[in-house]
Student: 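One structure follows; several queries about it will come next.
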Amino acid sequence: MICIVIDDDSTARLIVKQLCSKSKEVSVIEEFSSAIEAMKYLNSNDVDLIFLDIHMPTFSGFDFMETLKSPPKIVLTTSDKDFALQAFEYECVVDYLVKPIAKERFDKSLLKLAGLKQAKNTIEIANTLNDNSDFIYVSVDRRLVKINIADIYFVEAKGDYISIKTASKNYIVHSTLKKIEDKLPSSLFLRIHRSFIINVSEIVDIEDNSVLIQKSVIPISRSNKSELMRRLNLL
């Protein structure tokens, strides 16, 4: 990962650079004593990661993050423990290192970053493979699992995860219902509830505001019922 270091303390910058030099995961290409200097650099250069001090004169680390439209991953470095909660309100912040930074703690941060990179790569590969219309790939425990589309009975949203019920197995995937809906053919699948997408061809019967698929009773929302009836030519 290509990174820069932003800190008004030259000794602090040197320590971060030395820690990075002992790892193959990161490469420091620039360092800055002020956030404003770094902003000018980022206007014409892309980086994967920023090691950013919070307390700097004139323009703080928080001020700096507010200016970034598409920020890279950021590891905050500070001698103050009191801003951790505020720091993680920013989606780009992946870790919070308190000075003096111990090598063991720094290494844990790099492992976390490596895990995030691997997860991103897995998702990108899955999205590429999903161009095939007969099956989809989903990421399960950092493994890509192939699922035949025709084997899917229904998909249920469960918080930050979705459950994909198939003829042979139930897959729990860290995703949203909207993302999986975009990958499934609309000719075969229909969202009938805010928490459910069903394979229309697998409907056993319909009763009031629910459908039966295999042995599962799935609710139909009022707003989606008319579309289901239309799809089944019952209107």
Side-chain angles (χ1 to χ4, degrees), residues 1-8 12-13 16 19-20 23 25-32 34-56 58-99 101 105-128 130 137-142 144 157-162 172-183 194-195:
M1 288 177 284
I2 302 300
C3 71
I4 60 174
V5 181
I6 308 173
D7 198 312
D8 61 312
R13 295 198 305 272
V16 172
L19 290 168
C20 288
S23 170
E25 296 294 329
V26 288
S27 176
V28 178
I29 57 172
E30 288 289 350
E31 60 176 288
F32 302 93
S34 78
I36 294 176
E37 291 177 7
M39 286 170 56
K40 294 176 182 177
Y41 176 82
L42 292 173
N43 283 336
S44 55
N45 297 275
D46 293 325
V47 299
D48 303 310
L49 173 66
I50 300 174
F51 288 97
L52 174 66
D53 183 26
I54 291 178
H55 298 294
M56 290 180 288
T58 309
F59 212 70
S60 73
F62 289 122
D63 293 333
F64 172 77
M65 289 192 292
E66 292 286 353
T67 68
L68 301 177
K69 293 182 179 180
S70 300
K73 300 299 181 186
I74 293 178
V75 173
L76 291 175
T77 58
T78 178
S79 56
D80 195 334
K81 299 179 180 179
D82 297 333
F83 290 92
L85 284 177
Q86 181 181 350
F88 285 107
E89 289 178 1
Y90 294 84
E91 292 185 4
C92 58
V93 173
V94 296
D95 211 346
Y96 188 95
L97 300 180
V98 179
K99 301 174 184 177
I101 304 170
R105 180 64 182 84
F106 188 84
D107 289 344
K108 285 184 179 179
S109 187
L110 294 185
L111 284 173
K112 183 177 182 180
L113 287 161
L116 291 171
K117 184 179 180 182
Q118 181 181 357
K120 180 182 178 182
N121 290 340
T122 299
I123 291 170
E124 288 175 350
I125 292 170
N127 288 338
T128 301
N130 283 337
Y137 279 87
V138 295
S139 178
V140 180
D141 296 329
R142 296 184 181 179
L144 286 179
K158 293 187 174 183
D160 293 333
Y161 293 82
I162 58 171
I172 303 299
V173 181
H174 189 274
S175 183
T176 64
L177 208 61
K178 178 65 171 64
K179 287 181 180 179
I180 196 70
E181 183 178 18
D182 291 340
K183 297 173 184 177
R194 64 180 182 179
S195 299

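For clarity, every value in this text was computed on a predicted model and none was experimentally measured. Quick note: residue numbers are just sequence positions, from 1.
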Student: Between Val16 and Leu97, does a side-chain contact (heavy atoms from CB on, under 4.5 Å) hold up when you go through it step by step?
Tutor: CA-CA 11 Å; Val16 172; Leu97 300 180; over 6 Å; no
Student: Using the salt bridge (charged side-chain N to carboxylate O under 4.0 Å, His left out) criterion, which residues pair with Asp63? Sequence neighbours excluded.
Tutor: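 So Asp63 forms no salt bridge (charged side-chain N to carboxylate O under 4.0 Å, His left out) with any residue.
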Student: Which value, rounded to the nearest 0.5 Å, describes the distance between Ser70 atom OG and Leu42 atom CG?
Tutor: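 Those atoms lie 11.5 Å apart.
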Student: Between Asp48, Ile2, Ile50, Ile4, which is the residue that forms a side chain to side chain contact (heavy atoms under 4.5 Å, CB included) with Pro72?
Tutor: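 Of Asp48, Ile2, Ile50, Ile4, side chain to side chain contact (heavy atoms under 4.5 Å, CB included) with Pro72 is met by Ile50 alone.
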Student: Looking only at heavy atoms, which two atoms of Ser175 and Ile162 are closest? And how far apart?
Tutor: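 That closest heavy-atom pairing would be O-CG2, 3.8 Å.
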Student: What's the spacing between Lys40 NZ and Ser34 OG if we round to 0.5 Å?
Tutor: 7.5 Å
Student: Could you state the interatomic distance from NZ (Lys69) to OG1 (Thr67), rounded to the nearest 0.5 Å?
Tutor: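 Rounded to the nearest 0.5 Å, the NZ-OG1 separation comes out at 10.0 Å.
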Student: Using 0.5 Å steps for rounding, measure from the CG atom of Asp8 to the NE2 atom of His55.
Tutor: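 With rounding to 0.5 Å, CG (Asp8) is 10.5 Å from NE2 (His55).
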Student: side-chain contact (heavy atoms from CB on, under 4.5 Å) between Val138 and Lys183: does it pass, once the steps are laid out?
Tutor: CA-CA 10 Å; Val138 295; Lys183 297 173 184 177; 5.7 Å; no
Student: Using a 4.5 Å cut-off on heavy atoms from C-beta on, say whether the side chain of Asp53 contacts that of Ile6.
Tutor: no
Student: Atom CE in Met65, atom CD in Glu91: separation rounded to 0.5 Å?
Tutor: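 Between atom CE of Met65 and atom CD of Glu91 there are 12.0 Å.
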Student: Quick one, Phe64 with Met56, criterion side-chain contact (heavy atoms from CB on, under 4.5 Å). Give me CA distance, side-chain angles, the key distance, then yes/no.
Tutor: CA-CA 10 Å; Phe64 172 77; Met56 290 180 288; 5.6 Å; no
Student: Quick one: salt bridge (charged side-chain N to carboxylate O under 4.0 Å, His left out) partners of Arg105, sequence neighbours excluded?
Tutor: Asp95
Student: Any side-chain heavy atom of Ile101 within less than 4.5 Å of one from Phe51?
Tutor: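 A side-chain contact is absent here, since even the closest heavy-atom pair is not under 4.5 Å.
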Student: Where do Ile172 and Tyr161 come nearest, in terms of heavy atoms and distance?
Tutor: CG2-CD2, 3.9 Å
Student: So, do Ile180 and Val173 sit near enough that their side-chain heavy atoms are less than 4.5 Å apart?
Tutor: no
Student: Step through the shown structure and confirm whether more than 12 heavy atoms of other residues, nucleotides or ligands are within 6.0 Å of CG on Asp46.
Tutor: no
Student: Rounded to the nearest 0.5 Å, what's the gap from CG on Leu111 to OG on Ser23? Could you check?
Tutor: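 The OG atom of Ser23 is 8.5 Å from CG of Leu111, to the nearest 0.5 Å.
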Student: Which heavy-atom pair separates Cys3 from Val26 by the least distance, and what is that distance?
Tutor: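 Nearest pair, atom of Cys3 first, then Val26: SG-CB, 4.4 Å.
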Student: Between Ile54 and Tyr96, is the side-chain contact (heavy atoms from CB on, under 4.5 Å) condition met? List the steps.
Tutor: CA-CA 10 Å; Ile54 291 178; Tyr96 188 95; 3.7 Å; yes
Student: Which heavy atom in Phe32 sits nearest to a heavy atom in Arg13, and how many Å separate them?
Tutor: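 Looking at all heavy atoms of both residues, the shortest contact is O-CD, 3.4 Å.
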Student: Can you find a pair of side-chain heavy atoms, one from Tyr41 and one from Ile29, that are under 4.5 Å apart?
Tutor: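 Yes, close enough: below the 4.5 Å cut-off.
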